[in-house]
Novice: 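Sharing a structure below in structure tokens format, with a few things to ask.
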2 protein chains.
Amino acid sequence: MSGRFVPRSRKQTRATVLESLLRTKGAFRTDLARETSLTEASVSRIVADLRTEKLVEERKESAPHAGGPTALVTLSNNINVLGIELSNSRLSLGVGNFGGTLDYVERMPASPNLDQDEFERLFSASAVALREWVDARGIDLRQAAMSIPGYGREAGNPIFPWDMARLEGFLGKVLPGLPLALTNSVVAQAAFNRYAMPSTYAVEGDHLFLFVGHGVAGVIVNEAEPIDAFSPFEMGHMVIERDGLVCRCGHRGCVEAYTSLRAVSTIIGVPGNEILARGDRFLDALEVDNVARDMLRERQFLLGLALGNALNLHPVPAVVISGWPSLTPESDRSAIFDGLNQSLLGGYDEGRLSLSFIAPSIGNDPKAALSYAAYCFVSGGGLEAASDARAMEETA
Amino acid sequence: MSGRFVPRSRKQTRATVLESLLRTKGAFRTDLARETSLTEASVSRIVADLRTEKLVEERKESAPHAGGPTALVTLSNNINVLGIELSNSRLSLGVGNFGGTLDYVERMPASPNLDQDEFERLFSASAVALREWVDARGIDLRQAAMSIPGYGREAGNPIFPWDMARLEGFLGKVLPGLPLALTNSVVAQAAFNRYAMPSTYAVEGDHLFLFVGHGVAGVIVNEAEPIDAFSPFEMGHMVIERDGLVCRCGHRGCVEAYTSLRAVSTIIGVPGNEILARGDRFLDALEVDNVARDMLRERQFLLGLALGNALNLHPVPAVVISGWPSLTPESDRSAIFDGLNQSLLGGYDEGRLSLSFIAPSIGNDPKAALSYAAYCFVSGGGLEAASDARAMEETA
DNA sequence: GCAGAATAATTACACAGTGTAAACATGGCG
DNA sequence: CGCCATGTTTACACTGTGTAATTATTCTGC
């Protein structure tokens, strides 16, 4: 009841408020105060600050009942961010604002083995065009983010074995003065689902977002800590079958060797990117034989087994799976639950673990990187790089 | 350089300072300021506060050079905490202070199947004796902690399937007004090694403390965040062999089924508690045959495999293993590294992962629970329960 | 012994960010 | 048109911080 003084830094409170706005696409002050655990007085001050900086806007909107809130606070659509997305088939970049629009986009085909020299050549040309577009409209880019499959491993990236220091240096030179964040594609996917597709993504609270694509990786999305909300979760290289199938990582029996898009495409004889492109009911349309179908069930069983193992180590009340398993018929998908039942302590129990499936989003690159860029901007409190750098020094 | 205002709550700063003192067994103010990232001014104020509350003491101790520090700050030995430790073979309780002494101890044999009724009977009697002892000396207990094997799982404790709410209620009644913390035995072990045995425990920075006993479980010890430093890490029920050995959890192929003390004792035909009691070179003394020895190597291989899997999910730069593998000859122990090599991404690399072994501590119960109680007291900032409760309300 | 050097420890001060409570604003309803 | 219910802002007191000046302590060299 007492509610005494609990200090937080200016950057942190601003970040909390902005993240809430990004997630909810606008909120009344009262709701903001509740979501951020601040008093209305504090929200008032922060919103006033943000408004003078033109980071947020207020739109008149009155509630149906007497004395309701008067103005809806939303993020300003004048803030623009840049997203760069690298995938196995193409490189794309785009500019967008917090409204979720993609105002500028360029997509270039790229090989899965795109090397760093080639990337720099490709991107340099694009950057010139981008700069022109931006300058012509007087747009002020505030944050850039690039998502890369396999990014973030200590041991180096097995998919794109690039030199990250060189990449940062290069982008820093080509995009001078623009704060840059690199991240794993899965993290960007999670950000996209959280911020750009809140409707299809009904999960509340802490959960694991697991993406089964070329790799098998996930993110722990921590709703309780609205900022620093994404921590990576590498599941693809858990060995579940000793002396099993060879994986591209060099080991044998990894989850990825069994359940990646590549493994599945071998089973059904369809190129990986086509599976996702066909979307819903990709199995039905294919008339796969029963042998292949049984194998797919088996693979999903293994996925469930590995997921159970992972959840034993890191318990989470909900899991959202995106990727090809979301496209299989529910009767086949049940193999995942069978697998869970053989590893998850106490077995699978609807009350303790909510498991849901969302269709993998395809062809909307670079919206994921864009969402992540928005998150990065917001989690920095929307402060200028200069004051941000000072903040870094403080903690050092 | 600038070092601006970075607010923290009073409780948190106090906790940071106290934890540092608990870990270092006393420090000069200058060192304290460095360790806690506070200015000497702040340390001065906090230490002054703590001293008036008689939580810390200062002992004159001059440095060898001119103008050195004058007084060593240590935790007051007047603060007493209570530790209760339940193991497979006995129930023990003891009172100690921050000096690491165990001033009162009672140990009762208990079966691995000790049920909650019996526990309450046993403990009620002990509590009376304890209360007398405490009252006779005018000792003011500040915190109690009880460690229980298998504690902390959502799905319930498979080893001691007690009702935790009932346990808390019972202890709250028997030990009125005494803050109580329940925890897993492994967490207590980690606290013991961190606070009571800093000499044998040369690991710096974040690491995983893995205990291989009746269960296989660990704790992530986070040195960077001095408070809230222990987060549980359940590895024992990772399924590494489909349709493998039956585990007491009901599943098949769990790590625990292969590498627990129970599994090992079956292999070599010696009761589990005796293995640890024999200590060093338990294999040599036993003259186990080559078949058994190979099996033990195999089991350690599996442990390494599982550990690699776990580290892929949750990378940590160092691992400390305590338990029977610490007692095997180094040539056999190398199987752990072989296992790691088959699962850890990038393989085992001395530069990226430091793996060390410490002997399992045996027969010093309830010192582990005592260490954990000290940690709990300290991480609450040494504040009275009343103000602590208020702090809880704030965050709620 | 005693001045001086070197460092530690304390204190005065300004500042930032908070919550409380009071004042002010807004819109629906009788 | 005034009342009421609620949202929003503002005045104020408070806490914990860092900076910088001040005071304390101990060793060194003579």
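No hydrogens, no waters, no symmetry mates; every other heavy atom, side chains included, goes into these values. Chain letters run A, B, ... following the sequence lines, proteins first and then strands; every chain starts at 1.
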Novice: Which of the following nucleotides, C:dT18, D:dT10, D:dT19, is nearest to the side chain of B:A41?
Specialist: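 Looking only at side-chain atoms, B:A41 lies closest to D:dT19.
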Novice: If only side-chain N and O atoms of A:T30 are considered, is one of them under 4.0 Å from the OP1 or OP2 phosphate oxygen of D:dT8?
Specialist: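 The answer is yes; a side-chain N or O of A:T30 sits under 4.0 Å from OP1 or OP2.
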Novice: Has A:S44 got a side-chain N or O lying under 4.0 Å from the OP1 or OP2 atom of D:dG7?
Specialist: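 So the side-chain polar atoms of A:S44 never come under 4.0 Å of the phosphate oxygens OP1 or OP2 of D:dG7.
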Novice: As an exercise, state the distance from OG1 of A:T24 to CG of A:D31, rounded to the nearest 0.5 Å.
Specialist: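 So the gap between those two atoms works out to 8.0 Å.
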Novice: Hey, does the side chain of A:T13 come within less than 4.0 Å of C:dT18's phosphate (OP1/OP2), counting only N and O?
Specialist: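 For C:dT18, OP1 or OP2 has a side-chain N or O of A:T13 closer than 4.0 Å.
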Novice: By side chain to side chain donor-acceptor pair (under 3.5 Å), which residues pair with B:R14, not counting sequence neighbours?
Specialist: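 Residues passing side chain to side chain donor-acceptor pair (under 3.5 Å) with B:R14: B:E53.
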Novice: So if I take every side-chain heavy atom of B:I46 and compare against C:dA8, C:dG17, D:dT17, which nucleotide ends up nearest?
Specialist: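 When the side chain of B:I46 is considered, D:dT17 is the closest of C:dA8, C:dG17, D:dT17.
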Novice: Would you tabulate the nitrogen or oxygen pairs shorter than 3.5 Å linking the protein to nucleotides 23-25 of chain C?
Specialist:
none

Novice: Can a salt bridge be assigned to the pair B:D49 and B:R10 using a cut-off of 4.0 Å between side-chain N and carboxylate O?
Specialist: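 Result for this pair is yes, salt bridge flagged.
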Novice: Is there a donor-acceptor contact under 3.5 Å linking the side chains of B:S42 and B:T39?
Specialist: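 The criterion, which ignores hydrogens and geometry beyond distance, is satisfied for B:T39 and B:S42.
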Novice: Looking only at side-chain N and O atoms, does A:T39 come under 4.0 Å of OP1 or OP2 in C:dT18?
Specialist: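 It does not, given that no N or O in the side chain of A:T39 lies less than 4.0 Å from OP1 or OP2 of C:dT18.
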Novice: Check if the side chain of A:R14 and the base of C:dG17 share a donor-acceptor pair of N or O atoms closer than 3.5 Å.
Specialist: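 A donor-acceptor contact between them is absent.
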Novice: Taking only heavy atoms on the protein side, list every residue of residues 47-55 of chain A lying under 4.0 Å from any atom of DNA chain C, sorted numerically.
Specialist: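 Heavy-atom cutoff 4.0 Å gives no residues at all.
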